[in-house]
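In this text the structure is predicted, and so the values were computed from the model without any measurement. Chain letters run A, B, ... following the sequence lines, proteins first and then strands; every chain starts at 1.
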Number of protein chains: 2
Amino acid sequence: MTGRVPLYQAKAEFFRMLGHPVRIRVLELLQDGPMPVRDLLAAIEVESSNLSQQLAVLRRSGIVTATREGPTVVYALAGGDVAELMRAARRILTEMAAGQAGLLAELREAEASAS
Amino acid sequence: MTGRVPLYQAKAEFFRMLGHPVRIRVLELLQDGPMPVRDLLAAIEVESSNLSQQLAVLRRSGIVTATREGPTVVYALAGGDVAELMRAARRILTEMAAGQAGLLAELREAEASAS
DNA sequence: ACAGAAGTTGAAAAATTCTGCAACTAGCGA
DNA sequence: TCGCTAGTTGCAGAATTTTTCAACTTCTGT
C-alpha cells in the first residue's frame, strides 16, 4: 500500500534524510524532549527559513512531529530510538577515526624508512 | 590533526555517505564477509563504473577496505558494527511505517465521520 | 609481447539538494 | 483593526551528487 519501495532504498532515503548538520542537531536536541522552534533556532544558529526547510524535511520523513501551541510550534521525535542510532553512528565513527590514526601511523613509519 | 570538524558535521557526512542505495547494498553484502567486486557487481546490477564510483565513496570515507588479490579486488568492512547501525535504522523505519499506518487509520476515521 | 579480464579514473552532463530572500499565514495584545 | 512575533512556503541561483562514457592500469595466460 505504501509505495512498495525496496528496503535498501528506503534505508538509503532514511540515511540521506539524516545527512545534514542542521537536521542532525535538531534530532539531537529533540532527544531531551519536545522543543519549540524558537529554542531550536537559538541553539542552532542558522537562518530561520533555513531551519524551517530542514524541519520540513524531517517532518516529511515522519521522524518528527510538529504541533502548534498558540503562537509557537513545538517539535518532537515521532517515535523511538534515535538515540540508539546516534550511538551506533558515533561508535563506528570513532572506530574509523582510530583506524585512520593507525593508517597515518603506518604511513609515517613507511615514510621514515623510505629508501 | 584531523581536520577538527564538529561532531554533528562528521555525523552528517557519515549518514550522507550511507545515503545511496548501491552503497547500502554493498555494506549489507559485506556483512557476510569480504567479497570481490565481481560478486558485488553480480549481486547489485549496476554499471561496473558506477559501482566503482560508489565503492570509491565508501573507501574514501574509510568504512571499507580494498585489497588486490591477483586480478581481482576484494572489499571488506573496515571496522565494526555496521550491522548494528542497520538494525537501528530498520527499527526506526519500522516504527515510522507503523506511525504512518496509524496516522492513515486516523485520517480514514476522520474522513468517515466528516460532516 | 599481446590479448583479455577485472577494475579504476576523469570529466561532462543530468539530477538533487541547499541557501537565502521575499512574501505569506496564524495567533495575540493594544 | 493594526502591528508584532513566530514560523512556513515558493522560488531562483549556487553547490553537490549521481550517472555515464571513454580511456587507462594491472594482472594473467599463451
Side-chain angles (χ1 to χ4, degrees), chain A residues 3 5-6 8-27 29-30 34-78, chain B residues 3 5-6 8-27 29-30 34-78:
Chain A
V5 167
Y8 59 83
Q9 192 173 331
K11 277 190 197 164
E13 274 164 31
F14 176 72
F15 286 125
R16 206 202 248 96
M17 174 274 279
L18 296 175
H20 187 290
V22 169
R23 296 195 295 260
I24 291 286
R25 295 189 75 183
V26 168
L27 293 179
L29 287 166
L30 293 184
M35 204 176 257
V37 174
R38 199 167 355 86
D39 293 4
L40 293 170
L41 196 51
I44 297 182
E45 96 128 54
V46 64
E47 278 220 17
S48 131
S49 72
N50 193 337
L51 179 59
S52 261
Q53 296 284 2
Q54 305 313 329
L55 289 174
V57 172
L58 295 174
R59 245 186 294 124
R60 261 176 249 131
S61 87
I63 202 173
V64 303
T65 59
T67 53
R68 172 151 228 132
E69 292 189 6
T72 91
V73 176
V74 176
Y75 279 81
L77 294 183
Chain B
V5 167
Y8 59 82
Q9 191 173 332
K11 276 189 199 164
E13 275 165 30
F14 176 71
F15 285 126
R16 207 204 246 92
M17 175 274 279
L18 296 175
H20 188 290
V22 168
R23 298 196 294 261
I24 290 287
R25 293 188 75 181
V26 168
L27 292 179
L29 288 166
L30 293 185
M35 205 176 257
V37 174
R38 199 164 357 82
D39 293 3
L40 293 171
L41 196 52
I44 296 179
E45 95 128 58
V46 64
E47 278 217 19
S48 133
S49 72
N50 192 338
L51 179 58
S52 262
Q53 298 283 3
Q54 306 312 329
L55 289 174
V57 172
L58 294 174
R59 246 186 293 125
R60 262 177 247 132
S61 87
I63 202 174
V64 304
T65 60
T67 53
R68 172 150 230 135
E69 291 188 6
T72 92
V73 176
V74 176
Y75 278 83
L77 293 183

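Checked by atom type and distance alone, the side chain of A/R23 never pairs as donor or acceptor with a backbone atom of A/R25 at under 3.5 Å. Remark: side-chain polar atoms of A/R16 are not paired, donor with acceptor, to backbone N or O of A/L18 under 3.5 angstrom.
Set against C/dT8, D/dT19, C/dG20, the side chain of B/H20 has D/dT19 as its closest nucleotide. Here D/dT18 is the nucleotide among D/dT18, C/dG7, D/dT8 with the atom lying nearest to any side-chain atom of B/Q54. For A/V37, the listed nucleotide lying nearest its side chain is D/dT8; candidates were C/dC28, D/dT8, C/dG7. Checking C/dC21, C/dG7, D/dT18 against every side-chain atom of B/R38, the shortest atom distance belongs to C/dG7.
Between the base of D/dC27 and the side chain of B/T72 there is no donor-acceptor pair shorter than 3.5 Å. B/Q53 contributes no side-chain N or O that forms a donor-acceptor pair with the base of C/dG7 under 3.5 Å.
Counting only heavy atoms from C-beta outward, the side chains of B/E13 and B/Q9 approach each other to under 4.5 Å.
Separating the CG atom in A/N50 from the CD atom in A/E45 is a distance of 11.0 Å, to the nearest 0.5 Å.
When rounded to the nearest whole Å, the span between CZ of A/R60 and C1' of C/dT17 equals 11 Å. The CG atom of B/L51 sits 11 Å away from the C1' atom of C/dT8 (whole-angstrom rounding). Atom CD of A/E47 and atom C1' of D/dG13 are 15 Å apart (whole Å). The nearest whole Å value for the distance from the CZ atom in A/R68 to the P atom in D/dA6 is 11 Å. To the nearest angstrom, C1' of D/dC27 lies 13 Å from CD of B/E69. Atom CG in A/D39 sits about 17 Å away from atom P in D/dT5, given to the nearest Å. For B/L55 and C/dG7, the CG to C1' distance is 10 Å, given to the nearest whole Å. Note: OH (B/Y75) to C1' (C/dA6) measures 11 Å, nearest angstrom.
Among the atoms of the strands shown, only primed sugar atoms or phosphate atoms (P, OP1, OP2) are found under 4.0 Å from some heavy atom of A/N50.
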_Quick one, A/V26 with A/L55, criterion side chain to side chain contact (heavy atoms under 4.5 Å, CB included). Give me CA distance, side-chain angles, the key distance, then yes/no._
CA-CA 8 Å; A/V26 168; A/L55 289 174; 3.9 Å; yes
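Each of A/R16 and A/R59 lies near DNA chain D, and the nucleotide nearest A/R59 is the one positioned closer to the 5' end.
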